[in-house]
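Reviewing the structure listed below.
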2 protein chains.
Amino acid sequence: MDQVGMNNIDQVARLFKILSDANRLKIIFIIGKNKRSVSELINETGLSQTLVSFHLKVLRDSEMVDTERKGPFIYYRLKNTGLVDLLYAFNQYAVNRKEEMETGMLWPCPPWFVKKTSKR
Amino acid sequence: MDQVGMNNIDQVARLFKILSDANRLKIIFIIGKNKRSVSELINETGLSQTLVSFHLKVLRDSEMVDTERKGPFIYYRLKNTGLVDLLYAFNQYAVNRKEEMETGMLWPCPPWFVKKTSKR
DNA sequence: AGTTGATATGAGTGCTTGCTTATATATGAT
DNA sequence: ATCATATATAAGCAAGCACTCATATCAACT
């Protein structure tokens, strides 16, 4: 039907789902092309230890990261650092789009979001 | 802290969330750099009319698409077709990663997923 | 062995969200 | 006006998922 895409859509969607959480993205950005210990991630994100560990598990389960123990510390690094470049590309896209937007803001998904007790 | 990223993380995450559904991705891929009527999308995706409309609303609310009425038909097109190229880049990334993977499959997010009544 | 610091795991909770069923609106033709 | 076709909206439900609290593991030091 088309030369690319179509067949791997589920995979790509799942990848996007993994990337669709701000805290996870933060973690990935901080790890970048280097390695970071959990402690460092906790400090630099400002998130709780449990929450960081939680998200790291997601990244581990999805085989996005490798771990390496050094004494009591566990260092995380991206299995494929090409991701970082892709993320920057996406970031750039988001920045550009943001300017074109009427609301000045990327809108989240479901319709009812709009009407529900305008939470937050 | 870093030259890019960090500040727009929420925006990027939201963008990924929009893209994190296989059906929505399918629709976006089909629209591509052209325009498609809802009917065409229904046919080419095989999804129900309601479901297609539902996802199109998400894309409209997030200002990803423009619409144009032609008689009874409504045509959708991407506001910024650069997205298509990014998607292909990600698709390529997913394909490459897939080969490196132990499971041969990108794993979805939450841990309990694993244990729950292995649905579907 | 006991303690401390670093990290992981499990259960529980509430908001999120994809989907369906039913219904509405809009357009064009008769 | 009525009808058929194209598309959108509303309400409800079940599952997904981010988060927290409590507890467990593991390494290093005493």
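Treat the numbers as computed from the prediction; the structure is a model and nothing was measured. Below, all heavy atoms of this structure are taken into account, side chains as well, without hydrogens, waters or symmetry copies. Residue numbers start from 1 in every chain, and the chains themselves are labelled A, B, ... in the order their sequence lines are given, proteins ahead of strands.
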Gap between atoms CZ and C1', on B:R14 and C:dT17 respectively (whole Å): 16 Å

Non-neighbouring partners of B:A89 that pass side chain to side chain contact (heavy atoms under 4.5 Å, CB included), sequence neighbours left out: A:L86

Measure the CG-CG distance between B:N23 and B:L41 for me, rounded to the nearest 0.5 Å. 11.5 Å

Separation of C:dA11 P from A:K57 NZ (nearest whole Å): 13 Å

Of the listed nucleotides D:dC19, C:dA6, C:dT17, the one nearest the side chain of A:S39: C:dA6

Report which part of the nucleic acid B:Y76 touches: base, sugar-phosphate, or nothing (heavy-atom distance under 4.0 Å, all strands). sugar-phosphate

Taking C:dT7, C:dA22, D:dA18 as options, the one with an atom nearest any side-chain atom of A:R24 is D:dA18

For A:Y93 and A:Y88, I'd like to know if the aromatic rings sit close, meaning centre-to-centre distance below 6.0 Å. no

List in chain and number order the residues that pass ring pair (Phe, Tyr, Trp, His ring centres under 6.0 Å) with A:Y76, two or more places apart in sequence or in another chain; answer none if no residue qualifies. none

For the pair made of CG in B:L51 and P in C:dA22, what is the distance, rounded to whole Å? 16 Å

Which protein N or O atoms sit under 3.5 Å from an N or O of nucleotides 25-30 of chain D?
none

Separation of C:dT7 C1' from A:I27 CD1 (nearest whole Å): 13 Å

Which nucleotide in C:dC19, D:dC19, D:dA8 has an atom nearest any side-chain atom of A:H55: D:dC19

Phosphate oxygens OP1/OP2 of C:dC19: is one of them under 4.0 Å from a side-chain N or O of B:N23? yes

When you get a sec, tell me which of C:dG18, D:dC17, C:dT7 is the closest nucleotide to the side chain of B:D21? C:dG18

Suppose the criterion is salt bridge (Lys or Arg N to Asp or Glu O under 4.0 Å): which pairs have a residue in residues 69-78 of chain A, not counting sequence neighbours? A:E68-A:K70

What is the distance from CZ of B:F54 to P of D:dT9, rounded to the nearest Å? 12 Å

Candidates C:dA22, D:dA22, C:dC19 - which lies nearest the side chain of B:T50: C:dA22

Answer with yes or no whether B:Q49 presents, from its side chain, a donor or acceptor under 3.5 Å of a partner atom in the base of D:dA8. yes

Taking atom C1' of C:dG5 as reference, at what distance in whole Å does atom CZ of A:F73 sit? 8 Å

Applying side chain to side chain contact (heavy atoms under 4.5 Å, CB included), can you list everything that pairs with A:V95, at least two apart in sequence or on another chain? A:N91, A:Q92, A:E99, B:N8

Starting at CG of A:L56 and ending at C1' of C:dA6, how long is that distance when rounded to a whole Å? 13 Å

With sequence neighbours left out, write down each residue that passes side chain to side chain contact (heavy atoms under 4.5 Å, CB included) with A:S37, or none if nothing qualifies. A:S39, A:E40, A:F73, A:Y75

B:E68 atom CD is separated from D:dT7 atom C1', nearest whole Å, by 15 Å

